[in-house]
Amino acid sequence: MDDQTRMMTGLTGLGGLAQADVGDPDSVRKQQSLGQPQQDIGDILQQIMAITDESLDEAQARKHALNCHRMKPALFSVLCEIKEKTVLSIRGVQEEDPPDPQIMRLDNMLLAEGVSGPEKGGGSAAAAAAAAAAGGSPTDSSIEHSDYRAKLAQIRQIYHSELEKYEQACSEFTNHVMNLLREQSRTRPISPKEIERMVAIIHRKFSSIQMQLKQSTCEAVMILRSRFLDARRKRRNFNKQATEVLNEYFYSHLSNPYPSEEAKEELAKKCGITVSQVSNWFGNKRIRYKKNIGKFQEEANLYAVKTAVDAANVSAQASQANSPATPNSGNKYLMLNIYRNFRLIQCSHDM
DNA sequence: TTCTATGATTTGAT
DNA sequence: ATCAAATCATAGAA
């Protein structure tokens, strides 16, 4: 408001002269001999130029003196006019900039990884759940997981402290610049819009620094993640008994080796693995069996025999219960059959 | 060390 | 959501 009234008042008298001459010290000097007003303006400009060579106290005193000078309003108005022209040309160049997609991407990632989100839960919990779901013994994954969490928390802490530092520096700097501009607006015309623009420029500069921080944080998280993702992928073979159970089911349902959800759950329980591990196993088994049936023939026969043995064992136990006087008599034929089966398997394999 | 087996993941179709 | 298929990455054998 104050600026504007000042801008208005000075514009009439010295406008023409100012437009032509004031911006250029040489022309000022040339005109110094022409008359008193020019001499004054020349002096004032000289003094302004010399301000930077003086000590701070001297400069302050000089500034005050200049502010009180009788030509000050006129000079001010000249500056206003020049300013108005240049500012108009600047104004159109840059207005509202859209939110940077790059920084949005980084923000999203940091949020997803639980670096920039709320302290507990969120991304780290999701990562933990993923680690747990990926399988492995609970102890293993919990150790890896806590390690991962600790590292992530470290990254998170660094990120936040750096971010805070940047924000503090940014607001400090902004305040400083704003105070400076306000102070300067007493001697040169600065509209609130300009201050706003300056603040926006500062924020842009600082946000570009912030983006670098976000970028490097993202990189750190990615590296950490890939390391622990590999750890999560560390494969442990299922134990023999589990593989046996799975194979038994597979070969006894060879015509339709697609266990239902319930069957999967039961198998998982029997094998001490998760349902998704059972699904993985069947997925792998189906595709690998199909790709090379020949290679799995022996295994198929083996498990066919195995199920036969089990079935026979059940019936044998039943018959044993029926005739305790002749123990194992039923098993004799069974063993013979198994032997014959083995011979058959070996023959088919040799061919 | 290389090679094979195997559990897990990714991708694309249904 | 589930599956096939391709692929990854490691365990374990040779």
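Below, read A as the first sequence line, B as the second, and so on, with proteins coming before strands; counting in each chain starts at 1. Every value quoted in this text rests on a predicted model; they were computed, and no experiment measured them.
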[atom1] of [X] versus [atom2] of [N]: gap in Å, rounded?
X: A:F296; N: B:dT4; atom1: CZ; atom2: C1'; answer: 12 Å
X: A:F238; N: B:dT6; atom1: CZ; atom2: P; answer: 11 Å
X: A:R236; N: C:dG12; atom1: CZ; atom2: C1'; answer: 11 Å
X: A:N256; N: C:dA4; atom1: CG; atom2: P; answer: 10 Å
X: A:I273; N: B:dG7; atom1: CD1; atom2: C1'; answer: 10 Å
X: A:E261; N: C:dC3; atom1: CD; atom2: C1'; answer: 14 Å
X: A:R288; N: B:dA8; atom1: CZ; atom2: P; answer: 11 Å
X: A:K291; N: B:dA5; atom1: NZ; atom2: P; answer: 13 Å

For this session: Using a strict 4.0 Å threshold on nitrogen-to-oxygen distance, state whether A:E248 and A:K270 make a salt bridge.
Result: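 No, this pair does not count.
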Exercise. For the residue pair A:F250 and A:F282, does the interplanar ring angle fall in the parallel (under 30°), tilted (30 to 60°) or perpendicular (over 60°) class?
Worked result: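 If you compare the ring of A:F250 with that of A:F282, the planes turn out tilted.
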Problem set entry | Plane angle bin for A:F206 and A:F173 - parallel if under 30°, tilted between 30 and 60°, otherwise perpendicular |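 A:F173 vs A:F206 ring planes: tilted.
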For this session: Check whether any side-chain N or O of A:S260 sits under 3.5 Å from a backbone N or O of A:A263 as a donor-acceptor pair, and report yes or no.
Result: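 Side chain of A:S260 to backbone of A:A263: a pair is present.
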Kindly say if [X] contacts the phosphate of [N], meaning a side-chain N or O under 4.0 Å from OP1 or OP2.
X: A:N280; N: B:dA8; answer: yes
X: A:Q277; N: B:dA8; answer: yes
X: A:K264; N: C:dC3; answer: yes

For this session: Check the pair A:E266 / A:K269 against salt bridge (Lys or Arg N to Asp or Glu O under 4.0 Å), numbers first and verdict last.
Result: CA-CA 5 Å; A:E266 200 181 318; A:K269 211 158 89 181; over 6 Å; no
Exercise. Which part of the nucleic acid does A:R286 contact within heavy-atom distance under 4.0 Å: base, sugar-phosphate only, or nothing?
Worked result: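 Counting heavy atoms under 4.0 Å across all strands, the contact made by A:R286 is with sugar-phosphate only.
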For this session: Would you classify A:K295 as touching base, sugar-phosphate or nothing, given that sugar-phosphate means primed atoms plus P, OP1 and OP2, and contacts are heavy atoms under 4.0 Å?
Result: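 A:K295: backbone/sugar contact only, no base atoms under 4.0 Å.
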Exercise. 5'-most contact on DNA chain C: A:Y258 or A:N237, nearest heavy atom basis?
Worked result: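 It is A:Y258 whose nearest nucleotide is closer to the 5' end.
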Problem set entry | Residue whose nearest DNA chain C nucleotide is more 5′ - A:P259 or A:N284 |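 Looking at the nearest nucleotide for each, A:P259 comes out on the 5' side.
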